[in-house]
Amino acid sequence: MKTLILKKAHDLQSQYSIAYENELNAEQFKAVMHRDGPALVIAGAGTGKTRILTYRLARLVESGVPPETIVLLTFTRKAANEMMRRASLLLDGRCEKVQGGTFHSFAHNILRRYGVFIGLDPHYTILDQTDAEDAINLIRSRLHIDKTKKRFPLKNTLLAIYSMSINCYMSVEDTIAQKYSQFIEHTEQIHAVLREYVAFKQSSNVLDYDDLLVYVLRLLEQSEKGREVVQKSIRYIMVDEYQDTNKLQHHLVKKLADSHQNIMVVGDDAQSIYSFRGAHADNIFDFAKEYQHTAVIAISNNYRSTNEILEISNHSLKQSVKSYHNILKSGKNGQKPFVVATKNERQQSVFITQLLLQQREEGVALEDIAILFRSGFMSFDLEIELQKANIPFKKYGGLRFSETAHLKDILAIIKILHNPHDIISWYRILLLLEGVGPKSASSIIEEIQKNPEDIYWVSPRVNTPIRGFDAVINLCSLLHQLNIEKASVVDIVTKVSLLYRPLLQKKYDDYPKRIKDIDTIIGIASTYTSLVSFLSDMTLEGPTESVNVEKENNENEFVTLSTIHSAKGLEWKTVFIIWALDGRFPSTRSVESIESLEEERRLFYVAVTRAKDELVITYPIDVFDRESGMVLGEPSRFLQGMDEDMIERFVVMEER
């Protein structure tokens, strides 16, 4: 019989070629060395989540686990490839044999090998999003649904309804009622289209992206032989960004890990901000309840931000109703964040622009600065100021003001009122009318050019029948009624927006969201006294095409404008968070439920933790409301409870 001896745990490091204990902090090391059984790693912002997954992957392989029996699931192929590349550099080429990739690519590989167990023809093809939309459009036409019927959803919206239903484990009826209520009157017809879509896929031996996950789950639930083969081929599962998984992905992961439960999920509950895509925050909150003896490992050493910035994010987390309360700490100190109140939105934009110009003069690279906001429309006024100051920027999340089709439509109508001979604007607006195509629009424009003295009543003089004739007459009549000679700029924009709204509802399925953009442009108009100045500022050439660059090496330099959702995972030295105002951030609708308000709080946490060295939070005091005019705004509730030890408070004043 062999003699048994005691050996200190840290001496086991000698069996590895990588000195894990030296390469990782104590928290990271604990996660990387976890071997069997379920583990939940709560990795706060900037704590090295990717490093944990990479080193654990290498450590498992070094421990003798066959790499082909390890599954690494991520949300992007790039993330999976990067982790396996890093692991291979740490160790050797064996890590390349890991089953890594997105949920969908992994599911596709499983179905190619084992789909036969549920009767899936191995020669199936996959529909990408465009293919799936075209298939739905074909079915839509076959069912003879009237395409001109008021607000019936377009093909991309129908596919979105179907996908949300599948991924959230919701009925089509509930999905429409909760997420697409503007189409609730068409529920029965939508359901009919989607039933035919499912039948079409089955008869054509095609799968869409969602089917890949659905069929693998079906394989694991309905085929004993299939489940046995798949589960035997997997010994360890790791899942990245678990807070972003939806119900379908969660159930799939549970089934894959059913036999061995060697599953480690890594994520941050405080960064669960994608419920609008179907992400289900309870997946990470309930993980330890669903798996007995789960090792919960908190990673709190932040390598990004100063302690002063983290104090703001930690304060936000402490107010959460449901949270792991992972309090972050840093090894570096800096200056206290600023909270700045401005008179109105215009002053907020001017203030930020002046700061950017000042920092640029001081040699601060614009690429190290980001301006973050809750929703894309909140940056429209700022974009105008940046254009005027010739400051280059790139916007992520939501369209730039100059690229927003519905706002361009409104501006085209205003331009016609200001200059009835603007043929380009006429052409854009005519094409919005029902029944008017390029040929009809060209004929009408020819008539306009022939009769410049009485332009709004030109349509009755068209001799030959033209499609959309009645719609054109109606438009001209409405334009004629808009008397702009003595009206203020905001009155003109308000009247035009009311005229445009019926066209907006017919053209865009997401018109409720776009109406917010229109309200924003009305608010911007309220700061102008000259229609000429308003139109000039609205149509300035974009800064990316007219940047006055002083230094050759600054040609590609730009400040980042981004929604907070699009900024997740990124970092900058200096971060501005604008519109920190109740009703805007958090949004008015979010305060209707605890779940929505908690997600808004997590959004604030994500925004704050993007900053490395400097954080500036701004809000306007006077806010334009379409129905009430200028109203007094309240600072965001997320700023409540912050004393002078945490933040510096300022009010912007005009210099006398």
Side-chain angles (χ1 to χ4, degrees), residues 305 308-309 311-313 315-316 334-360 364 366 368-386 388-389 391 393 395 397-398 401 520 523-524 526-527 559-564 567 572-587 600-601 603-624 630-642 644 646-655:
S305 307
E308 288 76 9
I309 291 171
E311 195 169 358
I312 303 300
S313 63
H315 173 83
S316 176
Q335 65 183 31
K336 285 188 284 188
F338 296 166
V339 174
V340 181
T342 64
K343 184 179 187 306
N344 50 34
E345 181 181 17
R346 174 53 51 85
Q347 193 180 72
Q348 177 179 245
S349 300
V350 171
F351 165 70
I352 291 172
T353 302
Q354 287 181 358
L355 273 186
L356 292 177
L357 289 171
Q358 180 183 329
Q359 294 203 336
R360 199 179 188 191
V364 178
L366 291 181
D368 290 330
I369 303 171
I371 301 165
L372 307 182
F373 32 85
R374 171 63 181 85
S375 302
F377 68 87
M378 293 180 181
S379 70
F380 287 164
D381 188 75
L382 177 60
E383 290 173 46
I384 295 167
E385 286 302 314
L386 294 178
K388 285 200 256 183
I391 296 176
F393 67 88
K395 182 176 178 179
F401 174 81
T520 298
I524 292 173
S526 69
T527 65
V559 65
T560 296
L561 272 60
S562 177
T563 60
I564 301 168
W572 294 270
K573 287 184 179 179
T574 301
V575 167
F576 292 86
I577 302 174
I578 64 173
W579 277 107
L581 199 71
D582 250 32
R584 298 296 179 94
F585 192 16
S587 64
E600 293 284 303
R601 191 182 305 281
L603 261 179
F604 181 75
Y605 168 91
V606 169
V608 168
T609 53
R610 299 312 94 198
K612 295 198 289 187
D613 300 321
E614 293 182 81
L615 175 65
V616 181
I617 302 173
T618 69
Y619 64 90
I621 297 172
D622 294 333
V623 184
F624 181 83
M630 297 305 294
V631 296
L632 189 65
E634 286 287 334
S636 173
R637 64 191 67 193
F638 302 146
L639 299 177
Q640 293 177 4
M642 296 184 189
E644 293 181 1
M646 295 174 62
I647 56 174
E648 295 274 7
R649 294 185 183 271
F650 296 91
V651 176
V652 174
M653 306 287 289
E654 292 184 2
E655 189 174 24

Side chains of [X] and [Y]: closer than 4.5 Å at any heavy-atom pair?
X	Y	result
Ser636	Trp579	no
Leu366	Phe393	no
Leu355	Gln358	yes
Ile312	Met646	yes
Asp622	Lys343	yes
Pro586	Arg601	no
Asp368	Gln359	no
Leu356	Arg360	no

[atom1] of [X] to [atom2] of [Y]: how many Å apart, nearest 0.5 Å?
X	Y	atom1	atom2	result
Ile369	Thr574	CD1	OG1	5.5 Å
Leu615	Arg610	CG	CZ	11.5 Å
Leu581	Met378	CG	CE	8.5 Å
Thr353	Ile371	OG1	CD1	7.5 Å

Answer yes or no: is there a donor N or O on one side and an acceptor on the other, between the side chain of [X] and the main chain of [Y], under 3.5 Å?
X	Y	answer
Ser562	Ile564	no
Thr609	Val606	yes
Thr342	Val652	no
His315	Gln640	yes

Can you give me the closest heavy-atom contact between [X] and [Y], atom names plus distance?
X	Y	answer
Val623	Gly633	CG2-CA, 4.3 Å
Leu561	Ser379	CD2-CB, 4.1 Å
Ala567	Leu372	CB-CD2, 3.8 Å

### Query
Does the side chain of Glu614 come under 3.5 Å of the side chain of Gln335 through a donor N or O and an acceptor N or O?
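There is such a pair (donor and acceptor under 3.5 Å, judged by atom type) between the side chains of Glu614 and Gln335.
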### Task
State which residue, out of Val608, Asp613, Val575, fulfils the side-chain contact (heavy atoms from CB on, under 4.5 Å) condition with Ile309.
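One option only clears the test, and that one is Val608.
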#### Entry: Of Phe373, Phe585, Phe351, the residue whose pairing with Ile578 passes side-chain contact (heavy atoms from CB on, under 4.5 Å)
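So the option named by the test is Phe373.
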Sidechain N-carboxylate O distance under 4.0 Å for [X], [Y]:
X	Y	result
Glu311	Lys336	no
Glu385	Arg346	yes
Asp582	Arg637	yes

### Query
Aromatic rings Phe638 and Phe604: how do their planes relate, parallel, tilted or perpendicular, breaks at 30° and 60°?
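The rings of Phe638 and Phe604 sit tilted, inter-plane angle from 30° to 60°.
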### Query
For the side chain to side chain donor-acceptor pair (under 3.5 Å) test, which of Thr527, Thr618, Asp381 pairs with Ser349?
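It is Asp381, the one option of Thr527, Thr618, Asp381 that forms the side chain to side chain donor-acceptor pair (under 3.5 Å) with Ser349.
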